[in-house]
Protein chains: 2
Amino acid sequence: MATTRDRLIDGAAALLDEGGPAAVTLREVGRRAGVSHNAPYKHFRDKRDLLAAIAADELRVLAGRLTEAAAGETGAARIGAALHAYVGWAVAAPERFRLVFGAWTGPHAELEDAAQAAVVAITEVVTAAQAEDEALPRGTERLVALLRSTAHGLVDLELAGHLRKRPGAPGPDDLIDELITLVRGGGTAQRH
Amino acid sequence: MATTRDRLIDGAAALLDEGGPAAVTLREVGRRAGVSHNAPYKHFRDKRDLLAAIAADELRVLAGRLTEAAAGETGAARIGAALHAYVGWAVAAPERFRLVFGAWTGPHAELEDAAQAAVVAITEVVTAAQAEDEALPRGTERLVALLRSTAHGLVDLELAGHLRKRPGAPGPDDLIDELITLVRGGGTAQRH
DNA sequence: ACCTGAACACCGTTCAAGT
DNA sequence: ACCTGAACACCGTTCAAGT
């Protein structure tokens with residue numbers, strides 16, 4: 001049986017998916033959890049803190065998916081699998097994606113820890129890929145930053161409807177494949 | 001002398017810059033324009049429509065900056081200049097950047113027109129660059145989508161504080177230069 | 001420790017009415 | 001055509017009080 005705190009988080013996450021952060025009213029969150037409209041204040045400092053708990057959960061899910069997806073591949077394909085997992089995660093839950101990477105006024109410890117763990121996960125994937133594929137550029141930090149940014153931007157533009165105006169235009173997954181190819185110098189060499 | 005509509009937009013844009021969309025209350029917008037708290041409804045359908053007018057203005061500014069920045073360069077440097085202008089625009093006005101590319105529920109004609117014009121502007125830059133630099137990959141649509149996504153993602157992660165945890169880590173401008181290099185195959189050839 | 005109900009200060013939006 | 005003031009239905013947050 002779930003604790004009140006868990007039910008509050010679940011209800012808030014459902015409301016978030018349904019209508020974005022504005023739809024996450026503490027009154028409705030409380031109602032769905034079977035408590036009063038301000039019971040949430042006994043478990044979270046305020047609405048922001050409740051949303052941050054959801055965001056941190058989601059970042060931990062993301063880190064796990066990236067690691068798992070990359071584990072079944074070798075070389076640059078590790079990176080491709082991780083980035084495809086990133087896109088799949090974001091597109092499946094756009095509001096959670098937007099929440100995680102949205103404007104957080106002021107620091108939040110749990111959220112920052114989870115974000116750091118996600119960066120570590122993708123960094124490990126890229127390090128392994130670089131060790132297996134000499135066609136990948138050296139410099140893990142720069143490459144990670146570039147790959148993260150592109151995957152993130154692809155998703156954000158796709159969700160905003162700014163990427164595919166023309167039917168048949170390449171989507172995020174197509175463009176990730178192209179990115180991997182370009183980053184490897186456009187060639188196919190995979191020496192070890 | 002500015003019309004009421006202009007003063008409403010100016011006041012709303014200032015409030016947006018100061019504290020994000022939540023800070024744009026129609027009451028304060030009206031107060032700054034010297035009208036009542038619901039006079040805005042005579043010029044805009046609702047708050048969303050007022051924000052969309054700001055976003056459309058901003059997209060037109062962006063399109064102009066991209067074109068202007070690229071005009072002074074040749075080959076791949078056109079793209080570099082345009083993307084640096086994109087980053088400069090976004091970082092200078094983070095809230096406007098977030099507004100423009102944020103979650104717009106339902107279509108908005110003026111905003112979509114302005115977005116289309118911005119895509120046309122960057123597409124023209126890339127087309128010109130491709131004609132001058134054979135090291136750039138062919139396929140304008142795919143390259144434009146990739147470049148836009150990376151620049152957008154760089155800015156979004158930077159603004160969220162997710163890009164540069166370590167002091168001295170590469171910033172958006174550094175990574176754009178690296179992107180251009182990688183996209184040209186890592187080489188420096190620039191035959192015409 | 002956890003929860004409730006009333007209350008406060010907001011906010012977007014609507015409406016009748018004014019010039 | 002453009003604007004105002006009152007009103008409505010919200011919402012986040014606080015507080016005193018209950019078990």
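Fair warning: this is a prediction, and the values are worked out from it, not measured in the lab.
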### Task
Using a 4.0 Å heavy-atom cut-off across all strands, classify B:His37 as base, sugar-phosphate, or nothing.
base

### Query
Taking for each residue the nucleotide of DNA chain D bearing the nearest heavy atom, is the 5' side occupied by A:Lys42 or by A:Leu26?
A:Leu26

### Task
Using chain B heavy atoms and a threshold of under 4.0 Å, write down where along DNA chain D the contacts begin and end, 5' to 3'.
D:dC3 to D:dA7

### Query
Do NZ/NE/NH1/NH2 and the carboxylate oxygens of A:Arg164 and B:Glu141 come within less than 4.0 Å?
no

### Complement of C:dG18, any strand, by Watson-Crick or G-U distances under 3.5 angstrom
D:dC2

### Task
Would you kindly confirm whether A:Val119 and B:Leu154 end up in one hydrophobic cluster when ILVMFWY residues are joined by side chain heavy atoms under 4.5 Å apart?
no

### Message
Between A:Arg27 and A:Gly34, which residue's closest nucleotide on DNA chain C lies nearer the 5′ terminus?
### Response
A:Gly34

### Message
For A:Leu147, run the side-chain contact (heavy atoms from CB on, under 4.5 Å) check against A:Ile122, A:Val125, A:Leu179 and tell me which one passes.
### Response
A:Leu179

### Message
Taking the basic N atoms (NZ, or NE/NH1/NH2) and the acidic carboxylate oxygens, is any pair closer than 4.0 Å for B:Arg60 and B:Asp57?
### Response
yes

### Query
Under 4.0 angstrom, heavy atoms only, what part of the nucleic acid is B:Asp46 near: base, sugar-phosphate, or nothing?
sugar-phosphate

### Message
Need the pair for D:dG12. Rule: Watson-Crick or G-U wobble, both distances under 3.5 Å, any strand; none if unpaired.
### Response
C:dC8

### Query
Is B:Arg96 salt-bridged to B:Glu58, cutoff N-O under 4.0 Å?
yes

### Message
Does B:Lys47 reach a base, just sugar-phosphate, or nothing at all? Heavy atoms under 4.0 Å.
### Response
sugar-phosphate

### Message
Determine whether B:Arg32 and B:Glu18 satisfy the following criterion, salt bridge (charged side-chain N to carboxylate O under 4.0 Å, His left out), listing intermediate values before the conclusion.
### Response
CA-CA 14 Å; B:Arg32 293 198 178 194; B:Glu18 291 165 22; 3.2 Å; yes

### Task
Identify whether any heavy atom of A:Val24 sits under 4.0 Å from a base atom; if not, whether one sits that close to sugar-phosphate; answer base, sugar-phosphate or nothing.
sugar-phosphate

